[in-house]
Amino acid sequence: QVQLEESGGGLVQAGESLRLSCAAATRTFNWFTMGWFRQAPGKEREFVAAIGRTGGITDYTASVKGRFTVSRDSAKKTVYLQMSSLKPDDTAVYYCAAGPRIEDVRAGEVDYWGKGTLVTVSS
């Protein structure tokens, strides 16, 4: 019922910034906690960031704290991941997700997934 579409991935050099977007095709965007996950080559998918329904609560995995910022725009029904000071270890396919609570999203127990956008960070 909810379609998520990521965009904004690409190739950047270490230290640069990139902003990912996830457009949610739903009339109930504000019902969902939104999250970001990533899967690096040869590794399992990992939680990156989440933002609550109102945007007042956010959560990040330790490796991106201070560098990444998740936000949402209710009018545009879009969630963003602003990525700064990018490192080669950030290279991964980034996935957008929607779920009921931050706890659920962090655990990967989400209702909807996007199909991902590739971020490649060169050294």
Side-chain angles (χ1 to χ4, degrees):
Q1 189 67 32
V2 177
Q3 183 175 344
L4 305 176
E5 185 172 356
E6 303 94 336
S7 62
L11 174 63
V12 298
Q13 293 186 331
E16 295 183 343
S17 299
L18 195 65
R19 188 179 75 164
L20 305 182
S21 299
C22 174
T26 177
R27 295 164 62 178
T28 57
F29 178 71
N30 292 341
W31 292 8
F32 297 101
T33 290
M34 303 297 297
W36 289 95
F37 294 77
R38 66 186 181 186
Q39 186 168 20
K43 296 186 177 181
E44 295 184 350
R45 181 191 63 199
E46 67 170 339
F47 169 79
V48 176
I51 184 167
R53 296 177 179 182
T54 66
I57 300 175
T58 58
D59 192 24
Y60 302 90
T61 192
S63 63
V64 308
K65 288 182 179 179
R67 299 189 298 117
F68 290 11
T69 301
V70 62
S71 61
R72 64 193 295 162
D73 186 327
S74 295
K76 296 181 179 180
K77 299 180 180 179
T78 300
V79 62
Y80 303 95
L81 186 66
Q82 179 66 48
M83 310 163 68
S84 300
S85 301
L86 283 163
K87 305 174 181 179
D89 285 348
D90 295 319
T91 295
V93 176
Y94 284 72
Y95 298 91
C96 180
R101 305 179 304 160
I102 285 181
E103 293 84 356
D104 298 312
V105 173
R106 186 179 183 91
E109 298 179 356
V110 302
D111 297 321
Y112 303 97
W113 292 93
K115 65 179 184 178
T117 185
L118 177 63
V119 174
T120 302
V121 184
S122 63
S123 60

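Quick note: numbers below take in every heavy atom, side chains included, and nothing from hydrogens, waters or symmetry partners.
At least one donor-acceptor pair closer than 3.5 Å links the side chain of T78 to the backbone N or O of K76. A side-chain donor-acceptor contact under 3.5 Å links K77 to the backbone of T26. Between the side chain of R72 and the backbone N or O of G52, at least one donor-acceptor pair lies under 3.5 Å. With Q39 contributing its side chain and K43 its backbone, the two residues share a donor-acceptor pair below 3.5 Å. Checked by atom type and distance alone, the side chain of R67 pairs as donor or acceptor with a backbone atom of S85 at under 3.5 Å. Between the side chain of T117 and the backbone N or O of S7 there is no donor-acceptor pair closer than 3.5 Å.
The two residues D111 and P100 make their nearest non-hydrogen contact at OD2-CD, 3.6 Å. Nearest heavy-atom pair across P88 and A14 is CD-CB, 4.1 Å. Across all non-hydrogen atoms, the minimal contact from W31 to R53 is O-NE, 2.6 Å. Shown here for A50 and V105, the closest heavy-atom pair between the two residues is CB-CG1, 4.2 Å. Across all their heavy atoms, A92 and R38 have their closest contact at CB-CB, 3.7 Å. Here the closest non-hydrogen pair linking C22 and L4 is SG-CB, 3.9 Å.
Q82 is not listed as a side-chain neighbour of S71, based on a closest heavy-atom distance of 4.5 Å or more. Residues R106 and T33 form no side-chain contact, since every pair of their non-hydrogen atoms from C-beta on lies 4.5 Å or further apart. You'll find the side chain of V48 reaches within 4.5 Å of the side chain of L81, heavy atoms only. At least one side-chain heavy atom of I51 sits less than 4.5 Å from a side-chain heavy atom of V79.
More than 12 heavy atoms of other residues, nucleotides or ligands shown are found within 6.0 angstrom of CD on E46. The local environment of CG in L118 is crowded, with over 12 non-hydrogen atoms from other residues, nucleotides or ligands closer than 6.0 Å.
Ion pairing between K87 and D90 fails under the 4.0 Å rule for side-chain N and carboxylate O. A salt bridge is defined here as a Lys NZ or Arg NE, NH1 or NH2 lying under 4.0 Å from an Asp or Glu carboxylate O, and K115 with E6 fails to meet this definition.
I57 contributes atom CD1, which lies 12.0 Å from atom CZ of R101 (distance to the nearest 0.5 angstrom). Between the OG atom in S123 and the CG atom in L86 there is a gap of 13.0 Å [rounded to 0.5 Å]. With values rounded to the nearest 0.5 angstrom, S74 atom OG is found 6.0 Å from F29 atom CZ. Here L20 contributes atom CG and F68 contributes atom CZ; the two are 8.0 Å apart, rounded to the nearest 0.5 Å.
By the side chain to side chain donor-acceptor pair (under 3.5 Å) test, D73 pairs with no residue at all, sequence neighbours left out.
With hydrophobic clusters built from ILVMFWY side chains whose heavy atoms lie under 4.5 angstrom apart, V2 does not share a cluster with Y80. No continuous path of ILVMFWY side-chain contacts below 4.5 Å connects I102 to F47, so the two sit in separate hydrophobic clusters. In the hydrophobic clustering of ILVMFWY residues, with side-chain heavy atoms under 4.5 Å counting as a link, V70 and V93 come out apart. Follow the hydrophobic side-chain contacts under 4.5 Å out from V119 and you reach M34 in the same cluster. L18 and Y60 fall within the same hydrophobic cluster, where Ile, Leu, Val, Met, Phe, Trp and Tyr residues are linked whenever their side-chain heavy atoms come under 4.5 Å apart, directly or through other members.
Applying the ring pair (Phe, Tyr, Trp, His ring centres under 6.0 Å) test to every pair with at least one member in residues 83-123, sequence neighbours left out, gives these pairs: F32-Y112, F37-W113.
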